[in-house]
Amino acid sequence: MPWIAHWGADPGPAVPAAAFGLTALPLLPTQHEGWAGRPAVSGDRDGRWPHLRLHIDGIDLIETGVETRLVDEEAGVEVVCLLELTEQGIVKARHTLRNRGEGAWTVGALRCVLPIPDTATEALGLVGRWALERMPQRSSFGYGVHSRENRRGRTGHDSTTLLFLGTQGFANRTGQVWAVHVGWSGNHEHSAERLPDSVGALGGGELLDPGEVRLEPGETYETPWVYFAYSGSGLDGLRDRFHRLLRARPAHPRKPRPVVLNTWEAVYFRHDLDKLKALADKAFEVGVERFVLDDGWFRHRRDDHAGLGDWYVDESVWPHGLHPLVEHVHSLNMQFGLWFEPEMVNPDSDLARAHPDWILAAPGRLPAESRRQQVLSLTRPQIYRYLLERLDSLVKEYRIDFIKWDHNRDLSEATTHDGRAAVHAQTLAVYRLLDELRSRHPGLEIESCSSGGARVDLGILERTDRVWTSDTNDPVDRQLIQLWTGLLLPPELIGAHVGPTRTHITGRVTDLEMRCATALFGHAGIERDLTECDADELSTLTAWINLYKSTRDLLHGGTVVVPDLPDPSAIVHGVVSADRSRALFSYAQISSTVANTPLRPYPMRLRLPGLEPSATYTVTIALRPHGGGLVPTTFGFAEDGTRWTGRALETIGLPVSRLNPADAMVLELRS
Ligand code: DGJ
């Protein structure tokens with residue numbers, strides 16, 4: 001069994017042999033290798049072979065890494081371990097287990113792990129819920145297992161997304177950090193384990209239910225890709241590696257990300273052709289480029305009680321199909337997008353009435369309904385074919401440019417009709433369906449939505465073009481949600497919309513400028529009834545869209561930087577162009593601050609990192625807080641056009657006067 005001596009800072013070319021001692025970790029830790037923790041590989045053949053003894057059967061150096069074949073001949077198990085090192089310094093790991101014996105081999109677990117040193121003493125993960133996804137959770141990491149497990153059958157609102165271990169006090173731009181991400185949209189775990197007598201292990205993999213993967217002789221089980229990243233410069237170093245990795249993908253969306261108008265919070269289920277045409281007119285007026293018709297267009301879907309599965313345009317609401325709307329949208333030169341939730345079915349639907357057995361359940365053991373819906377069993381060929389045909393036909397008929405692909409419930413007790421655990425195969429079937437649809441419609445873009453942001457992972461992102469980050473459009477909460485989602489995803493993959501004045505989900509009332517400043521730093525859009533906006537609001541939106549269009553090459557191609565602030569009541573982040581000649585920084589006040597009172601005229605200075613130290617930048621205000629009274633005019637800040645060097649911007653920082661809670665401003669820097 002090969003051992004991994006080190007994963008982290010570059011130790012130089014000559015690694016001493018002693019490095020392969022106690023601080024190394026076997027490629028697949030098991031008891032045979034002296035590892036007393038959770039084995040990285042487990043399973044059984046009819047209750048036998050609880051412990052594998054794997055030894056090397058071959059090592060291939062491939063262009064991007066190394067592939068090691070391990071076997072336990074007696075147990076009849078082979079595992080091929082693939083480790084790739086990408087140009088961006090990310091380790092991609094994937095193991096494939098083959099049953100080489102007689103009879104079935106049941107896979108228990110197969111995890112990808114790498115060693116982490118004893119200096120990694122703090123853990124950081126993300127956790128969330130509907131409408132507040134990916135909030136940070138920090139704890140110390142000592143001995144034992146720190147495991148974040150997800151059995152929701154989808155990635156989950158509360159998935160950790162990334163699990164980080166770091167040196168004490170690691171922050172946005174300081175400290176050493178090791179991170180893992182499992183690129184999988186079904187059940188999964190991210191975990192770290194340290195025992196007193198060995199080095200720590202960080203890793204993850206799929207979580208399998210009993211008997212879920214049972215391999216007949218010759219069959220294989222492949223783990224999802226597990227991504228490992230190290231940074232010697234805090235979280236920003238990791239963020240940068242992931243963004244560059246994703247941007248290097250051949251299928252990464254490269255066309256300018258179009259400004260979206262999504263109809264959900266504008267009309268919900270109240271679909272009316274004239275109203276939607278008026279909305280499209282207003283959208284066009286302010287500069288929108290893609291019009292997306294959300295839930296409510298198909299048969300029986302007058303609210304969320306019925307209709308899922310009946311993927312035919314509702315004749316009572318749309319007597320001429322969607323054609324009049326689609327033609328109107330296209331005549332305004334906007335793209336047309338449509339909402340689907342293909343994996344789901346309402347019991348109150350023609351589909352469920354005709355095929356009650358299509359629901360993912362063992363006979364007589366229907367899971368509890370959630371949002372009045374059940375899951376379809378996608379591994380059954382007739383169901384898969386039905387969905388593919390419906391999606392394919394509608395994409396063709398309406399020349400759909402974009403699908404918002406939703407998924408609004410956990411898969412609970414997911415069991416096939418013959419009584420087997422179903423999440424693994426169901427997840428692969430969804431991937432196949434997406435892949436097939438994309439190969440039939442190469443220009444089609446797809447959004448991964450799951451009650452907001454419950455399906456955000458690099459497995460789904462291999463076949464989708466952005467995520468719906470969260471159902472909340474509250475800009476204060478969104479500042480945090482987007483910031484933490486942005487550790488994995490670059491801004492162009494993060495759907496971010498300007499909602500109404502009073503946020504529907506939280507009830508918070510905010511200025512339009514705050515909502516615009518927040519949505520600017522993602523794949524921007526609007527989600528409100530524009531026909532109700534007054535002229536001032538429409539002109540603010542128009543100016544904001546112009547700013548987005550003129551800066552989206554920078555926003556969607558630059559390096560994201562997040563300074564470490566002394567004051568947690570504000571969030572500052574920016575995007576710096578590759579040649580460092582341009583940057584946009586956002587300064588958002590998310591709560592009241594002690595420092596930031598009128599009695600203390602020198603609140604937190606804006607120290608802006610990531611710039612060229614010797615260059616001189618002209619700083620202008622690209623987006624002002626509402627009312628303008630709170631712009632940074634006093635105490636040395638020379639309104640628009642002040643000139644500072646990159647070094648001074650980082651070390652001294654711009655003096656700013658206070659912002660009120662829920663105010664934000666955007667600064668543009670040019671050298
Ligand atoms: C949940 C999504 O997150 C929303 O944006 C919206 O599309 C609704 N589903 C529609 O039912």
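In listed order, ligands and their atoms are each counted from 1. Values reported hereafter were calculated over all heavy atoms of this structure, with side chains retained and with hydrogens, waters and symmetry mates removed.
- Looking at Asp406 and Asn408, their side chains do bring a donor and an acceptor atom within 3.5 Å of each other.
- Applying the side chain to side chain donor-acceptor pair (under 3.5 Å) definition to pairs two or more places apart or across chains, those involving residues 453-462 are Thr155-Asp457, Ser185-Asp457, Glu343-Arg455.
- Under the 3.5 Å distance criterion, with hydrogens and angles disregarded, a donor-acceptor pair is assigned to the side chains of Gln373 and Glu341.
- Side-chain atoms of Gln589 and Ser569 form a donor-acceptor pair, as typed in the model, at a separation below 3.5 Å.
- Between Phe298 and Trp311, the angle of the ring planes lies from 30° to 60°, which puts this pair in the tilted group.
- Side-chain atoms of Thr503 and Asn473 include no donor-acceptor pair closer than 3.5 Å.
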Write 'none' if nothing qualifies; otherwise put on separate lines each N/O atom of ligand 1 with a protein N/O atom under 3.5 Å away and their distance to 0.1 Å.
unit_1	atom_1	unit_2	atom_2	d
ligand 1	3 (O)	Gly452	N	2.8
ligand 1	3 (O)	Asp471	OD1	2.4
ligand 1	3 (O)	Asp471	OD2	3.1
ligand 1	5 (O)	Lys404	NZ	2.7
ligand 1	5 (O)	Asp471	OD1	3.2
ligand 1	7 (O)	Asp294	OD1	2.7
ligand 1	7 (O)	Asp294	OD2	3.2
ligand 1	7 (O)	Trp339	NE1	3.1
ligand 1	7 (O)	Lys404	NZ	3.0
ligand 1	7 (O)	Asp406	OD2	3.4
ligand 1	9 (N)	Asp406	OD2	2.7
ligand 1	9 (N)	Asn408	ND2	3.4
ligand 1	11 (O)	Asp295	OD2	2.6
ligand 1	11 (O)	Arg371	NH1	3.0
ligand 1	11 (O)	Arg371	NH2	3.0

